[in-house]
Amino acid sequence: MPKKEEIFDRLNGTITFPGFLWKKNITMPFDKIKFSYTSGGPNMIGAYQLVIVRPDKAGSWLRFGLGGMDCYQDLAYITWYMDKNRPLPPNQDFDPYREKDFERRKKAKFKKPLYRSQIPTPEATPEQQAERERIGGW
């Protein structure tokens with residue numbers, strides 16, 4: 001049985017997720033993945049959890065939430081993270097990488113975001129935000 005992994009490759013824009021049962025893991029471009037959500041039972045327990053629809057003949061799915069309140073929050077967070085032109089999303093686990101990510105995006109002249117969003121994505125510090133607005137802006 002292959003090792004079941006979930007890998008979010010921000011720089012290459014791919015996500016790796018487990019195949020069905022003993023099938024190999026699947027790696028796909030983020031913008032080609034079909035996301036859906038669960039409907040829950042009659043009492044709505046388990047409703048609105050994010051799932052990935054696998055690209056297999058059976059249309060199997062994989063629960064793919066991050067532990068947010070619902071599928072919308074989880075997908076918004078994943079989209080923010082996968083957009084390499086935006087700063088890393090809020091989470092202390094990303095703090096050690098923020099400066100290097102900022103410098104990478106600065107070198108690329110702060111390209112416009114890859115995915116549309118109504119969620120503001122400011123830089124980690126006011127100084128970085130001012131520099132982004134001066135150089136690239138969006």
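These numbers come from the heavy atoms of this one structure, side chains and all, not from hydrogens, waters or symmetry mates.
Taking a cutoff of 4.0 Å between a charged side-chain nitrogen and a carboxylate oxygen, D95 and R98 qualify as a salt bridge. The pair R105-E123 meets the salt-bridge criterion, since a charged nitrogen lies less than 4.0 angstrom from a carboxylate oxygen.
Within the structure, the ring-ring contact (aromatic ring centres under 6.0 Å, His included) test picks out the following pairs touching residues 104-127 (sequence neighbours left out): F30-Y115, F102-F110. Counting only residues at least two apart or in different chains, ring-ring contact (aromatic ring centres under 6.0 Å, His included) contacts with residues 54-79 comprise F8-F64. For the salt bridge (Lys or Arg N to Asp or Glu O under 4.0 Å) condition, the pairs that include at least one residue of residues 67-92, sequence neighbours left out, are D83-R86.
Atom-to-atom distance recorded for I15:CD1 and M28:CE is 9.5 Å, nearest 0.5 angstrom. Taking CD1 of I26 as the start and OG1 of T14 as the end, the distance is 13.0 Å to the nearest 0.5 Å. Here CZ of R63 is found 12.0 Å from SG of C71. Values are rounded to the nearest 0.5 Å. Here the straight-line distance linking atom CG of N85 with atom NZ of K111 works out to 6.5 Å at 0.5 Å rounding. The distance from the CG atom of D31 to the CE atom of M82 is 9.0 Å, given to the nearest 0.5 Å. Taken from CD1 in I135 to NZ in K106, the straight-line distance is 5.5 Å, to the nearest 0.5 Å.
Taking Ile, Leu, Val, Met, Phe, Trp and Tyr as members and joining any whose side-chain heavy atoms lie under 4.5 Å apart, directly or through other members, V53 forms no hydrophobic cluster with any other residue.
Nearest heavy-atom pair, S39 versus A47, reported as atom, atom and distance to 0.1 Å: O-CB, 3.4 Å. Residues P122 and P87 come closest through the heavy atom pair O-CG, 3.4 Å.
Residues Y48 and T38 form no side-chain contact, since every pair of their non-hydrogen atoms from C-beta on lies 4.5 Å or further apart. Side-chain atoms of R10 and L88, non-hydrogen and from C-beta on, do get closer than 4.5 Å to each other. No side-chain heavy atom of K100 sits under 4.5 Å from any side-chain heavy atom of R104. Side-chain contact check for T16 versus D9: every heavy-atom pair is 4.5 Å or farther apart.
Under the ring-ring contact (aromatic ring centres under 6.0 Å, His included) criterion, F94 pairs with Y81, not counting sequence neighbours. Here Y97 pairs with nothing under the ring-ring contact (aromatic ring centres under 6.0 Å, His included) rule; sequence neighbours left out.
In this structure a side-chain-to-backbone donor-acceptor pair under 3.5 Å is present from R54 to P18. Remark: the backbone N or O of I119 is not paired with any side-chain donor or acceptor of W80 at under 3.5 angstrom. Side-chain atoms of N91 come within 3.5 Å of backbone atoms of D93 as a donor-acceptor pair (strictly under, hydrogens ignored).
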Exercise for the section: Verify side-chain contact (heavy atoms from CB on, under 4.5 Å) between L50 and F35, making sure each step is shown before the conclusion. Expected result: CA-CA 7 Å; L50 186 65; F35 289 95; 3.9 Å; yes
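With R132 as the partner, the side chain to side chain contact (heavy atoms under 4.5 Å, CB included) test is satisfied by one option alone out of Q128, R134, Q129: Q129. If you run side chain to side chain contact (heavy atoms under 4.5 Å, CB included) between F17 and each of T27, I7, L62, only L62 comes through.
Cluster annotation: V51 and L75 are assigned to distinct hydrophobic clusters (Ile/Leu/Val/Met/Phe/Trp/Tyr, side-chain heavy-atom contacts under 4.5 Å, transitive).
More than 12 heavy atoms of other shown residues, nucleotides or ligands fall within 6.0 angstrom of atom NZ in K4.
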